[in-house]
4 protein chains.
Amino acid sequence: MAIDKSVKTKKILDAAVIEIAHRGYYNTTVSQIARRAGVADGTIYLYYKNKESILVSVFERAMDRFISEGVLKLKNGKEPAEQIAEVVALHLKLVGEDHDLAVILQVELRHSIHFLDMFSRSRLREYFEVLADIVTKGQKSGAFRKELDPLLSAKLIFGVLDQVATDWILADSNSKLSSRVDEISEFLIAGLK
Amino acid sequence: MAIDKSVKTKKILDAAVIEIAHRGYYNTTVSQIARRAGVADGTIYLYYKNKESILVSVFERAMDRFISEGVLKLKNGKEPAEQIAEVVALHLKLVGEDHDLAVILQVELRHSIHFLDMFSRSRLREYFEVLADIVTKGQKSGAFRKELDPLLSAKLIFGVLDQVATDWILADSNSKLSSRVDEISEFLIAGLK
Amino acid sequence: MAIDKSVKTKKILDAAVIEIAHRGYYNTTVSQIARRAGVADGTIYLYYKNKESILVSVFERAMDRFISEGVLKLKNGKEPAEQIAEVVALHLKLVGEDHDLAVILQVELRHSIHFLDMFSRSRLREYFEVLADIVTKGQKSGAFRKELDPLLSAKLIFGVLDQVATDWILADSNSKLSSRVDEISEFLIAGLK
Amino acid sequence: MAIDKSVKTKKILDAAVIEIAHRGYYNTTVSQIARRAGVADGTIYLYYKNKESILVSVFERAMDRFISEGVLKLKNGKEPAEQIAEVVALHLKLVGEDHDLAVILQVELRHSIHFLDMFSRSRLREYFEVLADIVTKGQKSGAFRKELDPLLSAKLIFGVLDQVATDWILADSNSKLSSRVDEISEFLIAGLK
DNA sequence: CATGAATGAGGGTTCATTCAT
DNA sequence: AATGAATGAACCCTCATTCAT
């Protein structure tokens, strides 16, 4: 039962990611999600309160995958500069692996975060804090300049990664998102030093 | 007559910017725009073909103000590093001056650019090119590293500015966007050197 | 002044005939009529109370041209059978000469006569009476059977002519409407004998 | 389920016939049809693509009833002249039985056939062909004159029947449409001989 | 007389959500 | 639990008509 429930929930969420990534939230109908999920329209409402709550769950899961599956790997003892490079590689790898997920994060999340009641904004903050911690460590070890506010730095780093990811999505390019990792890392590390 | 026309057009556009910035395009009705503009619903359609074309015009005007009023000032002979600092200041000033305009640019434009037929994307490219030119000049003068691709650099710079602007918007803060100009400029210039 | 008035009235009516014949009354806008007439939208309302009254006038004039210009020629002393042939020729000639007028009469008039307040139905009755008179004369002279009700006969004759005209219109054919005159006359005269 | 579907479809169609016959297609709103059918506005669109497709279905069903239920009876071995009389009786009986259906056929169909994309025109042609066949047979058996083109004759016959039907409708008369059958048959048969 | 910008009621259509089965 | 037919509010847009100039 509990398993059934989560299986169906996942099926619906998977369907929603695809539809929303392709058409945008407002151009996606509940029926379309239901059809792709292979369930009836009404069934959606057994698992989600309404259309908006599907979107919230989509974001939640996307952020989860992004943060937990990825960033936690950073909790090791490497050099700050090296860790920056790792974050860059990881961020772009995750975004690059799943185009639909990337669209959701770069396009829909940013859009919704402003108009819908702010849920997952806190998850973003988690991410920022991880980045800020790296900067702080780097400043303590003398590797990075001390004048920069760590949280601001975190946001700047994120801005760069986000822009690269968005650019990749908007370009429709099936090009190599990973090929730029080194260049970008250097830029960021130089900026921090 | 011709004046009347452009006056009315502007009134409608101004109303649209406010409504769309507050509610998002899909949650804004033509009636709301009309009401705020002080005209009847039908009047809207004397000046715009349909709802979407209002959005397009909103973007167009926003980009125009942004690019023409601003970036052209850069065509002077200053040092590249100084120009970077100027761009940062200018970008954040323009965004900071008009919160609604900023929302449109950071939130709606990004959203629409992906799902609607890509019009004003070319305007963005213009902006990138201005930034890329500065980088190129800096590389020639030896001020900046030569390994970085100028266009990529332009995008990284934009990403940083964009993120800071978005952060400011999402924070709802009526805080000082300008206070961070120096920190950010330093970061970018260091990254380019 | 009076001349100006009737000139403008005619211009509007001419425009209305063309537009309505091409698109149908309900798909024709007052603006389209005005544009074709070369006047402003508002001007229409100086000459006609509303859109419907334009249609009424269109019908009125169409019937006028049809009856007066045509049928009155029949008031001569020919043989009834010969007169039938003349009516057939005349009816089809008038319809065939002006396709737009024909569409109005065959398609729009018939449609409107049922739903709008019945104006010009009386003009149609005039026409029927002319036809009925011919039949009556024929019966008196012994040329036609006496069992047939003259008014019914008139309508049967009209039905035949109307169908041929409609068929010609619906066929879009720029074919020869006149080529069938003899065949049709024979059929009608035989039917009456 | 399948039964439900066709039941509902029929209910909507019945409602549409009544409303359209009374007001005309363009003066009938989807809401009115829905109200008379006893369903919500949106329900209409579960069964019909749009308003126009309702009209098409109305025509289709009207023609069907007219042709299949009726004309096929003619495929027997009677005398041509007798068959003509049968067609006249049948045509007027069908029209006379259902005033709304008659209005649709005589008024709306003729109107739409000219302005909408011509669908059911082919059904009319079927009907003409049945009539033409009778004439052809009559010509072969020597009962009818050979000079007349059978298809033209068919149209003339139809024109007569159509006019009588239209006249009956426009007269609003709840009078006897059937009383004229003999007179009309005679006229037609005489015309063909 | 003439204009044409402005009006706003009204229509067709969509779609999130419900509920009887 | 699951279905999907039904609902009806809400939206975009059109166009006959008016009226200030």
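Labels below follow one simple rule: chain letters A, B, ... track the order of the sequence lines, proteins then strands, and each chain is numbered from 1. Predicted, not measured: the structure shown is a model, and the values here were computed from it.
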Round to a whole Å and report the spacing from [atom1] of [X] to [atom2] of [N].
X       : N      : atom1 : atom2 : answer
D:Glu52 : E:dG11 : CD    : C1'   : 15 Å
C:Lys51 : F:dT14 : NZ    : C1'   : 11 Å
A:Asn50 : E:dT18 : CG    : C1'   : 13 Å
D:Tyr26 : E:dG11 : OH    : P     : 15 Å
C:Tyr45 : E:dA5  : OH    : P     : 16 Å
B:Ile44 : F:dC12 : CD1   : P     : 11 Å

Q: Would you check if the side chain of B:Gln32 reaches a backbone N or O of B:Thr29 as a donor-acceptor pair within less than 3.5 Å?
A: yes

Q | Flag, side chain of A:Ser112 to backbone of A:Leu109, donor-acceptor distance under 3.5 Å | A | no

Q | Partners passing salt bridge (charged side-chain N to carboxylate O under 4.0 Å, His left out) against C:Arg23 (at least two apart in sequence or in another chain) | A | C:Glu19

Q: Kindly state which residues belonging to residues 14-24 of chain D come within less than 4.0 angstrom of DNA chain E, counting heavy atoms of the residue only, listed by number.
A: none

(Q) Quick check on contacts: within residues 29-39 of chain C, what sits under 4.0 Å from DNA chain E by heavy-atom distance? (A) C:Val39

Q | Under the side-chain hydrogen bond (donor to acceptor under 3.5 Å, both in side chains) test, residues paired with A:Lys10 that sit two or more places apart | A | A:Asp14

(Q) If the condition is side-chain hydrogen bond (donor to acceptor under 3.5 Å, both in side chains), which residues does D:Ser31 pass it with, not counting sequence neighbours? (A) D:Asp41

Q) OP1 or OP2 of E:dA6 less than 4.0 angstrom from a side-chain nitrogen or oxygen of B:Tyr47, does that happen here? A) yes

Go through the structure and list residues passing side-chain contact (heavy atoms from CB on, under 4.5 Å) with [X], not counting sequence neighbours.
X       : result
A:Ser57 : A:Leu13, A:Tyr48
A:Ala16 : A:Ile20, A:Ile33, A:Ile54, A:Val58
B:Ile18 : B:His22, B:Arg36, B:Asp100
B:Thr43 : B:Val39, B:Ala40, B:Leu46, B:Tyr47

Q) Which is true for B:Tyr48 with a 4.0 Å heavy-atom rule: it touches a base, it touches only sugar-phosphate, or it touches nothing? A) nothing

(Q) Nearest heavy atom decides the nucleotide; on that basis, is B:Thr28 or D:Thr43 closer to the 5' end of DNA chain F? (A) D:Thr43

Q. Taking the nucleotide of DNA chain F with the closest heavy atom to each, which residue, B:Lys49 or D:Leu46, is nearer the 5' end?
A. D:Leu46

Q. Can you list the stems that include DNA chain F, where a stem is three or more consecutive Watson-Crick or G-U pairs with distances under 3.5 Å?
A. E:2-21 with F:2-21

Q. Starting at the 5' end of DNA chain E, which residue's closest nucleotide do you reach first, C:Asp41 or B:Asp41?
A. C:Asp41

Q. Honestly, is C:Lys51 close enough over C:Tyr25, meaning NZ or CZ under 6.0 Å from the six-membered ring centre and within 45° of the axis?
A. yes

**Q.** From CA spacing to verdict: side chain to side chain donor-acceptor pair (under 3.5 Å), A:Tyr26, B:Asn27
**A.** CA-CA 9 Å; A:Tyr26 286 102; B:Asn27 292 315; 2.8 Å; yes

